[in-house]
Protein chains: 2
Amino acid sequence: MLTGKGRVPAAGSVAEPGDTPERGFPPTRPRQPEAGSPLGAPARNARFPGLRWPSLIVGLGQTGSMRLDQLDEQIIRILTREGRRSFAAIGQEVGLSAPATKRRVDRLVAGGTITGFAAQVDPAAMGWGTEAYIELHCSGQPRPAVLTTDLEGIPEVVSACTVTGEAQALLRVRAADVRHFEKVLERLTALSYVSHTKTTLVLTPLFERTGAAPVG
Amino acid sequence: MLTGKGRVPAAGSVAEPGDTPERGFPPTRPRQPEAGSPLGAPARNARFPGLRWPSLIVGLGQTGSMRLDQLDEQIIRILTREGRRSFAAIGQEVGLSAPATKRRVDRLVAGGTITGFAAQVDPAAMGWGTEAYIELHCSGQPRPAVLTTDLEGIPEVVSACTVTGEAQALLRVRAADVRHFEKVLERLTALSYVSHTKTTLVLTPLFERTGAAPVG
DNA sequence: GATGAAACGAATGGCTC
DNA sequence: GAGCCATTCGTTTCATC
């Protein structure tokens, strides 16, 4: 299913009509600005200006450093939008055999560049009517590890990060309705280090880009 | 690959150790609170209190109304964390044959509940060093459609929504570095209806939950 | 709707270059 | 690293209940 190139048009290809090469997959590094764009970005790798290939050198990932060449980036771009596409179909597009493509994907997964594969779900269809961002104002500076543990325990908290500014953390929360949302707020303010919160309700979700949503 | 049940432990199973049934997949509707949880939620479907099966009735999705039963929810929960898992393996877990599982997934995709499948990428490994939330303060109230068009044209804008409060929109932005980020800011303030912006820089991303990230 | 059988195609491991 | 080949396994269709 969803594996053949054009068999099931549904899955990953859902949001594709009209895609420009850039859309839906923010550039790995500052790229050439589109024609007429005010966003003038460095032409090449900012860290290794003379470098063309590999275009990216990173020292992250679980198993150590990881080089990404253009084929890797192409593969990632495809998988980012069509996570269930077959290796044969991916390989055909990037000019690789299916086994070679698989080996690269395996390497990307093992190296931590690809952190997983996930189905994207329409929150409204799942019964999530209420979405909000919550600023957590804390007494003192709670350790990130503590925040992670506490907040991950609240399933309605979809994402969380520590931030600059007056608040210590910014949370994204999904709830079924306002009443449900209020319960989440109560649970957050019950945390010992939380002095108060500030909620910004989402009115209209405009869009959400895949390929830039890390897990964990 | 990643299709067999335990063949490639990498992909979707990356973030699974210690998973509780609830973790990583916010409840479809308010569920029974965990033991000792202050989050007391309605026991059943809030909209159809007496209803047990189907547990959810929604009037959304592209092709019309969509019923989700418990098997659907189970399948979605699995695909949300292991987007490349095979139908055979999913079916085995939920007690369905592979063809039956595939039909359900196809129906969920066609109905808009599942909006797509995507690889999750580590932003740091992709060269994204800088992440921020940007409040867009506008003169007047720009129409959501206009905002969507304008903001989708900026690849660094990962997600956007209109919100309550003083700002009109809240954006999540990823950039390679601060210099790159500044270019994005310039591009945003160049929009005719934007009067000013307020940036909140992300210090430490704590976690990001899959299964609640809609596309489009 | 689910099941079971069968044909097809994809994934994967070994081998060679 | 890549491609090729062979095997295993998943997908998909069709007939059937």
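Everything quoted here is computed from the prediction, not taken from an experiment. Reckoned from all heavy atoms, side chains included, excluding hydrogens, waters and symmetry mates.
D:dT11 atom P lies 17 Å from atom CZ of A:Arg85, rounded to whole Å. Going from atom CZ of B:Arg84 over to atom P of D:dC9 covers 18 Å, rounded to whole Å. When rounded to the nearest whole Å, the span between CZ of A:Phe87 and P of D:dC9 equals 17 Å. As rounded to whole Å, 11 Å separates atom P of C:dA11 from atom CZ of A:Phe117. Summarising the geometry, the separation between NZ on A:Lys102 and C1' on C:dG14 is reported as 13 Å, rounded to the nearest angstrom. Rounded to whole Å, the distance from CG on A:Leu71 to C1' on D:dG1 is 11 Å. Between the P atom of C:dA10 and the CD1 atom of A:Ile90 lies a distance of 12 Å, rounded to the nearest Å. When rounded to the nearest whole Å, the span between CG of B:Asp106 and P of D:dT12 equals 7 Å.
Smallest separation of non-hydrogen atoms from B:Arg187 and B:Pro155: NH1-CD, 4.3 Å.
Contact check, B:Arg103 against D:dT11: no side-chain N or O comes under 4.0 Å of OP1 or OP2. Distances shorter than 4.0 Å separate some side-chain N or O of A:Arg104 from OP1 or OP2 on D:dA2. Taking side-chain N and O atoms only, B:Ser97 has a distance below 4.0 Å to OP1 or OP2 of C:dT3.
Counting heavy atoms from C-beta outward, B:Leu151 and B:Leu191 have side chains that approach closer than 4.5 Å.
B:Glu93 and B:Arg85 are joined by a salt bridge, as a carboxylate oxygen and a charged side-chain nitrogen come within less than 4.0 angstrom of each other. Salt-bridge annotation for B:Arg172 and B:Glu208: present, with a side-chain N of the basic residue lying under 4.0 Å from a carboxylate O of the acidic one.
Residue B:Ala100 is the one, among B:Ala100 and A:Pro99, whose nearest nucleotide of DNA chain C lies closer to the 5' end (criterion: closest heavy atom).
For B:Arg107 against C:dG1, no side-chain N or O and base N or O form a donor-acceptor pair under 3.5 Å.
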